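In what follows, a structure is listed as structure tokens, so that the remarks can point back to it.
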Amino acid sequence: MSRHRRRARQRKRQPRVALPALIAGGLVAALGVGLGLYAGSGDDGEPTGARAGRETSQGASDGDGPAAGPATPSPSRSYALSTAPRTIPAVNAHTPARGPGWRPAAGHRVVVSDSGLADEGRLIAGELGLTYAGRKDDIRAGDLRLALNDGGGANPESYAMTVRGGRVTISGPSDAGVFYGTRTLKQEVHGGRTAPEGVVRDAPAKPQRGFMLDIARKHFTAGWIEDRVRELGDLKFNQLGLHFSDDQAFRIQSDTHPEIVAGQHLTKAQVQKIVRLAAQRHITVVPEIDSPGHLGAVLAAHPELQLRNASGVATRGAIDISKEDSANLLDDLLDEYADLFPGAQWHLGGDEYQALTVANPAASYPQLATAARARYGAGAGVADLATGWLNDRADTVRAHARTMRVWNDGFFRNTSVKPASDLVVAYWTGKEIGARVPTDYLGAGRKVLNYNDEYLYYVLGEPQTFVYPTGQRIYERWTPRVLRGTTAVPARYDAQILGGSFAVWCDLAGSQTQDQVAAGIRMPLRATAQKLWDARRPALSWTQFRTLAAQVS
């Protein structure tokens with residue numbers, strides 16, 4: 001072989017020899033992107049690019065910004081500029097780039113830069129059929145890397161996802177943000193699709209994004225609830241409310257008061273499994289033992305605590321709040337379930353206390369009026385006693401370091417006893433007697449959660465004026481500022497609205513099976529997820545959104 005031919009062959013072989021060195025040389029640049037370059041924030045704490053760049057950005061040519069070392073070879077310019085991924089909820093911003101994108105494949109690794117991301121890494125590895133390799137600093141083709149960064153004051157649920165050079169890096173200031181990035185990636189590649197080249201920057205508009213389930217009126221199996229937890233996690237919800245006590249039944253095992261528990265119920269072991277599964281998906285389970293109304297199942301076992309009017313007639317679901325034993329019973333339960341539900345949120349209920357729905361509460365329930373005057377002074381009334389009851393229950397729960405919410409009709413106007421200042425308003429209706437408009441609470445500085453029964457209530461059997469909500473109506477007309485009816489409160493109150501919750505109530509429990517419920521709420525849940533993540537008018541039409549829902553899950 002001539003020297004000329006030997007040299008020509010050496011030149012052909014040279015790129016194959018040098019490629020690993022080039023990849024290793026790109027380590028600093030790749031980690032620089034993945035470990036925080038895109039999860040930084042502006043002066044207002046919002047991830048960079050999420051303010052002006054919620055639409056697809058046309059920024060840097062490769063979506064990476066300046067690199068700290070030799071760059072990984074750029075993809076061929078023959079690739080078209082990428083388009084923003086389509087997911088539910090939609091991402092806030094995507095900086096396009098040219099390249100093949102990324103698909104999961106056998107042999108690809110999930111690696112983490114922090115051992116605290118092991119749960120997120122194992123989960124996405126299992127879902128995509130990848131190998132979880134743990135904490136690694138080396139780089140291989142096809143890697144999915146999860147990383148934490150300091151965030152610079154960014155929204156803790158924010159994340160950045162960089163798809164570049166056949167690899168993916170998801171970074172965020174917390175494990176929750178990184179988890180949401182994995183949900184975006186999971187949807188992007190569902191059904192054999194490709195995650196587009198470029199950089200996603202994303203963060204939710206609202207910090208509380210919930211789904212509430214009435215398991216008191218209708219028994220749902222533990223497996224069904226677990227399936228909803230997985231669904232909620234993929235949609236980036238972060239709360240699951242369980243309303244497990246009402247007039248019909250008390251549905252969770254109790255060790256302090258086993259006499260109140262229905263035959264069909266969840267055991268504590270089942271609840272613990274649900275709570276663990278939810279925690280893995282960054283979902284807080286929010287328990288609700290409603291009082292002083294909606295306690296019929298508890299009172300069936302304790303008739304001596306049933307509220308009775310002046311004629312001795314029992315009042316459905318209402319406990320006699322003038323009796324010390326009533327308070328002791330509720331506090332027993334609140335203390336017991338605080339250990340079962342370790343999350344930071346708690347629902348105290350407080351709605352529809354029947355003693356306050358009559359024309360003259362003091363005349364109808366003289367024992368309550370007497371107790372109110374004895375405790376709060378000559379001018380106190382039944383509403384003061386009911387407010388004091390909730391404040392006392394709040395004291396019990398507050399000792400367990402919880403943030404509490406109360407239904408809006410549990411707050412009464414013109415009382416001398418004021419509700420505790422840290423109680424969040426769960427606003428569901430304006431139909432009650434003495435209804436107060438949302439701005440009454442917002443103007444007083446209260447924080448509010450949106451449970452608007454006009455859009456977000458799925459009531460089995462459609463009793464009274466309820467109709468099953470449609471995803472389209474939520475998607476096209478509702479926002480977190482629409483707290484009551486169809487009218488939004490002024491924009492100046494937006495920061496006080498912490499988020500919202502879609503709710504399933506089982507008033508006519510036999511109207512649907514649990515599988516029918518799952519099918520019925522599928523699109524409303526997705527529409528709610530979209531509007532809590534980004535309240536603005538969606539880019540996709542409802543028809544496009546519905547088609548997308550079939551493609552990504």
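Not measured: the values here are computed from a predicted model.
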> Backbone N or O of Pro469 within a donor-acceptor pair of the Arg473 side chain at under 3.5 Å?
Replying inline: no
>> Strictly distance-based, threshold 3.5 Å: is any side-chain N or O of Asn450 a donor or acceptor partner for the main-chain N or O of Pro480?
In response: yes
>> Students often mix this up, so state it plainly: with edges at 30° and 60°, are the rings of Trp407 and His347 parallel, tilted or perpendicular?
In response: tilted
> Can Arg183 and Glu188 be counted as an ion pair, charged N to O under 4.0 angstrom?
Replying inline: no
> NZ of Lys531 to CG of Leu456: how many Å apart, nearest 0.5 Å?
Replying inline: 10.5 Å
>> Quick check: do Leu483 and Leu442 have side-chain heavy atoms less than 4.5 Å from each other?
In response: yes
> Side-chain contact, heavy-atom cut-off 4.5 Å: Glu288 with Ser245?
Replying inline: no
> Is Arg209 paired with Glu157 through a side-chain N to carboxylate O contact shorter than 4.0 Å?
Replying inline: yes
> Under 3.5 Å, side chain of Thr221 to main-chain N/O of Trp224, donor-acceptor pair present?
Replying inline: yes
> What closest approach, in Å, do Pro463 and Leu508 show between heavy atoms, and which atom pair accounts for it?
Replying inline: CB-CD1, 4.3 Å
> Please walk me through it: do Arg526 and Glu231 pass salt bridge (Lys or Arg N to Asp or Glu O under 4.0 Å)?
Replying inline: CA-CA 10 Å; Arg526 281 152 180 76; Glu231 181 179 18; 2.7 Å; yes
>> Distance alone, cut at 3.5 Å: any donor-acceptor contact between the side chains of Asp351 and Trp428?
In response: no
> If only atom types and distance count, is the side chain of Tyr159 paired as donor or acceptor with the main-chain N or O of Pro173 below 3.5 Å?
Replying inline: no
> In Å, rounded to the nearest 0.5 Å, how long is the span from CG of Asp453 to CZ of Phe466?
Replying inline: 5.0 Å
>> Tell me which pairs pass side chain to side chain donor-acceptor pair (under 3.5 Å) where either residue lies in residues 476-492, with sequence neighbours left out.
In response: Gln472-Glu476
> Yes or no on side chain to side chain donor-acceptor pair (under 3.5 Å) for Trp346 and Thr403, after CA distance, side-chain angles and deciding distance?
Replying inline: CA-CA 6 Å; Trp346 196 282; Thr403 298; over 6 Å; no
> Hey, is the main chain of Ile225 close enough, under 3.5 Å, to the side chain of Arg230 for a donor-acceptor pair?
Replying inline: no
>> Are the side chains of Leu548 and Gln544 in contact, using a 4.5 Å heavy-atom criterion?
In response: no
> For the residue pair Phe250 and Phe244, is the inter-centroid distance of their aromatic rings smaller than 6.0 Å?
Replying inline: yes
> Does the side chain to side chain donor-acceptor pair (under 3.5 Å) test come out yes or no for Asp339 and His400, once each step is laid out?
Replying inline: CA-CA 9 Å; Asp339 291 334; His400 298 283; 5.2 Å; no
> Can any side-chain N or O of Asn452 pair as donor or acceptor with the backbone N or O of Gly485 at less than 3.5 Å?
Replying inline: yes
> Would you call Asp422-Arg398 a salt bridge at under 4.0 Å N-O?
Replying inline: yes
> Roughly how far, to the nearest 0.5 Å, is CG of Leu334 from OG1 of Thr396?
Replying inline: 6.0 Å
>> Does either side chain, that of Glu352 or that of His294, offer a donor lying less than 3.5 Å from an acceptor on the other one?
In response: yes
> Within the distance-only criterion (no hydrogens, no angle test), does the side chain of Asp214 pair as donor or acceptor with the backbone N or O of Val504 below 3.5 angstrom?
Replying inline: no
> Looking at OH of Tyr441 and CZ of Arg446, how far apart are the two atoms once the value is rounded to the nearest 0.5 Å?
Replying inline: 9.5 Å
> Do side-chain atoms of Lys218 reach the backbone of Gly510 as a donor and acceptor pair under 3.5 angstrom?
Replying inline: no
>> Just verifying a value: how many Å separate Ile274 CD1 and Ile283 CD1, rounded to the nearest 0.5 Å?
In response: 11.5 Å
>> Please evaluate residues Gln512 and Tyr468 with respect to the criterion side-chain contact (heavy atoms from CB on, under 4.5 Å), reporting the C-alpha separation (whole Å), side-chain torsions for both, the decisive distance (0.1 Å), and the verdict.
In response: CA-CA 12 Å; Gln512 291 188 354; Tyr468 292 130; 3.4 Å; yes
> Is Thr284 reaching over with its side chain to a backbone N or O of Gly343, donor-acceptor style, under 3.5 angstrom?
Replying inline: no
>> Is there a side-chain contact (heavy atoms from CB on, under 4.5 Å) between Thr182 and Thr184? Walk through the geometry before answering.
In response: CA-CA 5 Å; Thr182 67; Thr184 295; over 6 Å; no
>> Checking side-chain polar atoms at under 3.5 Å, does Lys186 have a donor or acceptor matched by the opposite partner on Thr87?
In response: no
> Given Asp119 and Arg122, is the side-chain contact (heavy atoms from CB on, under 4.5 Å) satisfied, shown in steps?
Replying inline: CA-CA 5 Å; Asp119 288 346; Arg122 290 191 180 96; 4.3 Å; yes
> Any idea which heavy atoms bring Val285 and Ala278 closest together, and the distance?
Replying inline: CG2-CB, 3.8 Å
> Quick one: NE2 on His265 to CD1 on Ile252, what's the gap to the nearest 0.5 Å?
Replying inline: 9.5 Å
>> Please find the pair of heavy atoms, one from Asp247 and one from Gly317, that lie closest to each other, and give the distance.
In response: OD1-CA, 3.2 Å
> Is the distance between the ring centroids of Tyr451 and Tyr457 under 6.0 Å?
Replying inline: no
>> Show the nearest heavy-atom pair for residues Ile497 and Lys206, with the distance to one decimal.
In response: O-NZ, 2.8 Å
> On the ring face of Tyr180, is Arg281 found with NZ or CZ under 6.0 Å from the centre and within 45° of the axis?
Replying inline: no
> For Ser158, does its backbone N or O pair with a side-chain atom of Asp202 as donor and acceptor, under 3.5 Å?
Replying inline: no
>> Side chains of Gln345 and Arg405 only: does a donor on one sit below 3.5 Å from an acceptor on the other?
In response: yes
> Regarding Asp290 and His243, is there a side-chain donor-to-acceptor distance under 3.5 Å anywhere?
Replying inline: no
>> Could you tell me if His219 and Gln248 have a donor-acceptor pair between their side chains, going purely by distance under 3.5 Å?
In response: no
>> Using side-chain contact (heavy atoms from CB on, under 4.5 Å), reason through Leu449 and Tyr427 one step at a time and then give a plain yes or no.
In response: CA-CA 6 Å; Leu449 281 166; Tyr427 200 98; over 6 Å; no
